Each structure stands twice: as structure tokens, then as C-alpha cells.
There are 2 protein chains.
Amino acid sequence: MTVIFSKKCEYGLQAVLYLAANERGIESADDIAKNLNIPKEFVSKILQSLTVSGIVISKKGKAGGFALAQDPKKIKLIDIVAAIDGLTMFNNCVLGFPNCNPTKPCPLHDKWGVLRTQTYNMLNEDTIDTFKEKTLRKVAAI
Amino acid sequence: MTVIFSKKCEYGLQAVLYLAANERGIESADDIAKNLNIPKEFVSKILQSLTVSGIVISKKGKAGGFALAQDPKKIKLIDIVAAIDGLTMFNNCVLGFPNCNPTKPCPLHDKWGVLRTQTYNMLNEDTIDTFKEKTLRKVAAI
DNA sequence: CTTTAATCAGACAAATAAATCTGATTATAG
DNA sequence: CTATAATCAGATTTATTTGTCTGATTAAAG
């Protein structure tokens, strides 16, 4: 299996995008899970971990749930990826060779370097408020 | 953890590149493993599976081992990836949304689509004979 | 005050990936 | 012919990822 993000990270990205798109403030893990059609307990755990990272906040007790900790104009996808999967993929060799660097490059070093940077930029250049419309439309289609 | 290829695929790519670079014909799993500094039994299994895919051939018995099944001018990295990890990453949504397609796109659909195609091209545009020099230098540095 | 509905912490379980082991078979070389 | 060195098939183990469960705590609402 080839993968870009772990399931944990995919669900985390989806959940945060959903919170940003919804603008309803607090939303329970149960509602989020239902709307995204992903496992409730799992997304709950992921959001809990994102409270530690300062990306979301949680409110306990009845009518509790999760909300963004910051203005969606200040959160980028790369923040969520960094918090969940980390940024190792932007440092490691695509082919798994040890010590892959400009002086000891693997055969794909240069080409992948360019694409990897563009991938990083894709996650870093926009804040999540940019994605509201698209997220709403996508979630509606699930 | 974020990843592009599975360990299995990384090792498979390394091993095939090594066979192409070495030009010694048959090479034992043991030698390959030592030169690449990866687990022998594991790379042996991977190469066995690549014989089924028609990418390498094996020779049993003393002085046996593995060799390319075809001219390195005919093998591309994408062939190895397809045989080991499959090509699902080139079809699935980066964010893990179901049914991500042009009519129901996720927020990253277009941007990632471009990068994904470029990644595919990177693996598809050159044959592995192109990588001989670079592979030899890289392996020497391990 | 009690019921209800939520997070939280941490254990637990299942599935997948990574790695190892064992014994059989095969073929070369002495 | 025998010893040796390799692949092969398949079971087994270990590690990691994914997902679930349980009980405690918290807070709102009647």
C-alpha cells in the first residue's frame, strides 16, 4: 500500500476542515463522525490529540464537543499534518536510502525534491478558511 | 507517519535498481541485502514476488540468486511500484474523502491532481538503465 | 439534585505491515 | 556421490496502525 497521509491524519484533516466550514462553533465528535462517515471513537481520539497541539479546543459535559482553537484564517493544513503525522516525509528519501542528501543523492533526489516542495507548499500556502465552500459541498455529497 | 511507498516497495525499488546497476547478472539475496544494508529474508521474499510479476528471474541452488528478467532499458520504476504497492495512490483522494472526483472534488482535488500526475510521470518517464551511475554512487555511499 | 450527554484517560482488540524462521527443494562444485 | 549454498513455500513472530470499549469526570438542563 502506498499512502500520503495516515488514516489518523486524513480523518484529522477532514474533521478540522469540517469545523472550519461549519461555523457552528462547538460540534460533538458524534456529529462530526456522522457527517464525515468515519468512526466516532477514532475521530474523538484524534481531536483530543489536536487539543494538545492547540489546533482545536474541547468542551466537556452536555452540549460539549470540539471547536477550532484559532481563527480559521490562521490555521493551515500543514499545521494539522505536522501535529498528527509529523513532517518526516518532507525530509526522508523517497526510495528509502539512508543519508539521501545533495552530496549523496539517490536517483530520484532532485526530481522528487521539487515535487515534495510543491506538496509542502500546497499544504502551507492557504489557510483553512479558504476551503470552506469546497468542504461544505464535499461533505454534503457524502 | 506519512509515507509514499511501503518499506516493501522501497526495498524492492532499491534491489531492482541495484541489479540494474551491477550488471553482474545473478546476484544472491544475501549479497543484495548486505550491499543495501536491508534485511536479507525480507528482500528475498520481495524479489520472489517480483519473479511472479516478471520483473526479475531467480536461479535456485548453489551460485543461484536473482537477476533482471528484462533489459533494464525496458523496466520503469512504475512497474515495480505497480507490482508491489499497486497504483491506488494515483486514484485515491489525498484527504481520504470518498468518491473524490471532478464533479465531487475535495478541497485539494485540483492541486494534488497535478502533483500526483507529475509524481506518476517521474516514475514512468525513465527506464532503470538511466539510473545506473547514480545508483552505483549511492550504494557505494551506504 | 438528578438525569443526560458529552469529553477524557487508558486499556483492549483487530487488522495490517514488517521481519524472521523452518524445512524442503534445487543445483553447483568438489 | 556428497557437501554446500542458494531459492521457495509457508508458518510464525513482532511492531505498528486502526479501531473499540469501559469507567470516570464534567457540565448543562429540567
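All of these numbers come straight from a predicted model, not from anything done at the bench. Lettering follows sequence order; numbering is per chain, from 1.
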Worksheet item: What integer distance in Å separates Phe66(B):CZ from dA6(D):P?
Response: 12 Å
Discussion item. Distance check needed: dT16(C) P versus Asp85(B) CG, whole Å only.
Written reply: 15 Å
Worksheet item: Once you round it to whole Å, what is the distance between P of dA9(C) and NZ of Lys60(A)?
Response: 7 Å
Worksheet item: Whole-Å distance between dT7(C) C1' and Ile46(A) CD1?
Response: 15 Å
Item to complete: Step through the shown structure and confirm whether more than 12 heavy atoms of other residues, nucleotides or ligands are within 6.0 Å of CG on Asn37(A).
Response: no
Discussion item. Using a heavy-atom cut-off of 4.0 Å across all strands, would you classify Ser6(B) as base, sugar-phosphate, or nothing?
Written reply: sugar-phosphate
Worksheet, complete the sentence: Nearest heavy-atom contact between Arg24(B) and Tyr18(B) is NH2-OH, 4.2 Å
Practice prompt. For Lys134(B), look at atom NZ and say whether over 12 heavy atoms of other residues, nucleotides or ligands are found less than 6.0 Å away.
Written response: no
Worksheet item: Lys8(B) NZ to dT16(C) P: how many Å, rounded?
Response: 12 Å
Item to complete: Starting at atom CG of Leu47(B), determine the distance to atom P of dA9(D), rounded to an integer number of angstrom.
Response: 14 Å
Discussion item. Base, sugar-phosphate or nothing for Lys45(B)? Non-hydrogen atoms, less than 4.0 Å.
Written reply: base
Practice prompt. Find the distance Lys62(B):NZ to dA27(C):P and express it as a whole number of Å.
Written response: 15 Å
Worksheet item: Any side-chain N or O of Ser28(A) under 4.0 Å from OP1/OP2 of dA5(C)?
Response: no
Discussion item. So if I apply the side chain to side chain donor-acceptor pair (under 3.5 Å) rule between Lys111(B) and each of Asp126(A), Thr119(A), Asn121(A), which one comes out positive?
Written reply: Asp126(A)
